[in-house]
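Let me begin by presenting the structure, written as structure tokens, before commenting on it.
Quick note: numbers below take in every heavy atom, side chains included, and nothing from hydrogens, waters or symmetry partners.
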Amino acid sequence: MAVSSGGTDVDVVVVGGGIGGLGSALALARAGLQVRVLEQASEFGEVGAGLQMAPNATRILRSWELLDQVVAHGVLPRRLVLRDALDGQELTHLDVADLERRYGAPYVVIHRSDLHSILLEACRVAGVDLVTEAAVTDIEIDDEQATTVSGERRDTGRLVLAADGLNSRLRRLLSDDEPVSSAYVAYRGTLPVDALPDTSAHTLDDVVVYIGPTRHFVQYPLRRGEILNQVAVFRSPRALAGEPDWGTPDELDAAFAGSCEAIRAALPDLWRDRWWRMYDREPISGWVDRRFALTGDAAHPMLQYLAQGACQALEDADCLAGRITKHAGAGTSDRNAWDAALTDYADLRTARTAQVQRVARTWGELWHCDGLFRSVRNAYLSDRDPTDYRHVDWLYHT
């Protein structure tokens, strides 16, 4: 292949330096491929707070020899607890130690920036070429290679992998769809545990989700239990009315006014100068065009109810690296081998992630129901045996 203006050509060019992009770069580099990551920002970094890493993801992190670091920077919670957002009563829980026994890997909560830093350093050690200030605007694709266009810069690889998120510019090469608004918005906030006025009012070793009519509230510890992560999510009446200014702090207060005391007491600790509107997309089957493919949120953005966005991105990375290793191998330029690898990747991952996307929407409806449906839901959850894993086996087993 010809040398690009961005330097020596590589096997794979990854567009996007978030968790999904770095995870893919690391997995591919560990498989013996030459990888370059193009990040449009001036430096690599992540915005946000907590991530929940379920066994299907921590199993992969262990295979990458990163799990010990992740656990050291995060928290192994005791339980995953569902409570009613109106009266605060516990509805059901999962024992995290039992999850590890059942699925062979732990459930870990970690700050998003900590996981990103761990992946970034692992990419450096693995020899990934990390490039900043490279905003990719287009891709030239043929049957043998693909080239990214970033201003005057060109980077050519046997594969270009788009990991540029929910609002992916590159997805438009495969689909003309748009993000779908859920009309829900999230407010986040973290605060030091030492700053809590009454630590006895908080469960500092559980992941707790309060579920209620058109709202939910999440609390769990981060950074070795030193900080408390909190997330408030609610449906915006202004979004439903089609107004452009929606999800504002006054809507936050109104949405949670009838909630239990534990939630109302926590609302002042949320950041009120920023909020995140919640979008996903409809699943698509076409992730690959010759030497171009999608991954992570560029392929399958999902709502947060299963806490699987980052987990599924790591599954993508592991699957793609495995398929390329099986069919093409490090250094192989055989066109048919790369075709087979990418076909397998798309077939395996589109089916899996479409199911996660759809079930996430359904769980959101279950969490946010009201009236008779809320009463039936609460009764069902309260009667659940804590060792009944029917509803998560499909997700945590891989």
Side-chain angles (χ1 to χ4, degrees), residues 18-19 45-54 57-58 61 69-83 85 88 90 93-94 96 99 106-119 184-212 215-234 247 249 252 255-256 259-278 302-311 313 360 363-364 367:
I19 287 171
E46 272 288 328
V47 177
L51 284 176
Q52 299 180 52
M53 306 304 294
T58 56
L61 291 168
Q69 291 184 59
V70 168
V71 171
H73 283 81
V75 173
L76 294 169
R78 181 174 60 100
R79 300 187 306 161
L80 309 179
V81 182
L82 286 180
R83 293 182 176 274
E90 180 176 325
H93 72 270
L94 289 174
V96 171
L99 286 182
Y107 198 106
V108 184
V109 290
I110 186 170
H111 200 287
R112 180 180 291 271
S113 64
D114 291 340
L115 178 60
H116 186 271
S117 295
I118 290 169
L119 291 171
Y184 278 80
V185 61
Y187 279 71
R188 297 184 169 96
T190 60
L191 71 161
V193 167
D194 291 346
L196 293 171
D198 180 12
T199 56
S200 66
H202 298 271
T203 305
L204 297 176
D205 54 2
D206 290 340
V207 174
V208 181
V209 184
Y210 295 86
I211 57 177
R215 80 202 84 163
H216 72 270
F217 194 88
V218 184
Q219 291 178 317
Y220 55 85
L222 291 172
R223 289 187 172 153
R224 300 163 296 278
E226 297 166 8
I227 63 175
L228 181 66
N229 180 59
Q230 303 189 109
V231 186
V233 178
F234 64 93
L252 166 70
F256 285 95
S259 302
C260 65
E261 172 58 27
I263 294 177
R264 296 199 309 273
L267 290 178
D269 294 320
L270 299 173
W271 303 320
R272 291 181 172 245
D273 59 342
R274 72 200 100 160
W275 50 91
W276 288 260
R277 294 170 177 176
M278 313 307 295
M302 55 190 61
L303 299 178
Q304 76 278 24
Y305 305 108
L306 294 176
Q308 279 286 310
C311 298
W363 277 40
W367 284 14

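Counting only residues at least two apart or in different chains, salt bridge (Lys or Arg N to Asp or Glu O under 4.0 Å) contacts with residues 268-278 comprise Asp253-Arg272.
Residues passing the side chain to side chain donor-acceptor pair (under 3.5 Å) test with Glu226, sequence neighbours excluded: Arg224. Taking Tyr220 as the reference, Asn229 meet the side chain to side chain donor-acceptor pair (under 3.5 Å) condition, with sequence neighbours excluded. Qualifying side-chain contact (heavy atoms from CB on, under 4.5 Å) partners for Ala307, counting only residues two or more places apart in sequence or in other chains: Gln52, Tyr107. Checked against side chain to side chain donor-acceptor pair (under 3.5 Å), Arg215 has the following partners two or more places apart in sequence or in another chain: Ser259. His116 is linked by a side chain to side chain donor-acceptor pair (under 3.5 Å) to nothing, counting only residues two or more places apart in sequence or in another chain. Shown here are the ring-ring contact (aromatic ring centres under 6.0 Å, His included) partners of Phe234, two or more places apart in sequence or in another chain: there are none. Checked against ring-ring contact (aromatic ring centres under 6.0 Å, His included), Tyr305 has the following partners two or more places apart in sequence or in another chain: His216, Trp367, His368.
A distance of 10.0 Å separates CG of Leu94 from CZ of Arg79, quoted to the nearest 0.5 Å. Note that CD1 of Ile263 and CZ of Phe256 are 6.0 Å apart. Values are rounded to the nearest 0.5 Å. A distance of 10.0 Å separates CD in Gln304 from OH in Tyr184, rounded to the nearest 0.5 Å. With rounding to the nearest 0.5 Å, the separation of CG in Leu228 from CG in Asp194 is 12.0 Å.
A donor-acceptor pair under 3.5 Å is absent between the side-chain atoms of Arg112 and the main chain of Leu51, judged by distance alone.
In terms of heavy atoms, Ala266 sits closest to Phe217 at CB-CZ, 3.6 Å. Closest approach of Gly88 and Cys260 over heavy atoms only: N-CB, 3.9 Å. Among all heavy-atom pairs drawn from Cys311 and Ala54, the shortest one is SG-N, 3.6 Å. The two residues Leu222 and Ile110 have their closest heavy-atom pair at CD2-C, 3.5 Å. Taking every heavy atom of both residues into account, Pro221 and Val109 meet most closely at O-CG2, 3.3 Å. Among all heavy-atom pairs drawn from Thr190 and Ala49, the shortest one is CG2-CB, 3.9 Å.
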- Task: For the pair Trp271 and Arg188, evaluate side-chain contact (heavy atoms from CB on, under 4.5 Å) and give the outcome as yes or no after the intermediate values.
- Result: CA-CA 6 Å; Trp271 303 320; Arg188 297 184 169 96; 4.0 Å; yes

- Pair Ile118-Leu61, side-chain contact (heavy atoms from CB on, under 4.5 Å): steps then yes or no: CA-CA 11 Å; Ile118 290 169; Leu61 291 168; over 6 Å; no

- Assess whether side-chain contact (heavy atoms from CB on, under 4.5 Å) is satisfied between Leu303 and Trp363, documenting all intermediate values. CA-CA 10 Å; Leu303 299 178; Trp363 277 40; over 6 Å; no

- Start with the C-alpha gap between Glu46 and Leu115, add the side-chain angles, then the distance that decides, and say whether side-chain contact (heavy atoms from CB on, under 4.5 Å) holds. CA-CA 9 Å; Glu46 272 288 328; Leu115 178 60; over 6 Å; no

Under 3.5 Å, which donor-acceptor pairs do the side chains of residues 71-78 form with other protein atoms, sequence neighbours left out?
residue, atom, partner, partner atom, Å
His73, ND1, Gln69, O, 2.9
Arg78, NE, Asp205, OD2, 3.3
Arg78, NH2, Asp206, OD2, 3.1

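Contact of the Leu267 side chain with the Leu252 side chain is registered, since non-hydrogen atoms from C-beta on lie closer than 4.5 Å.
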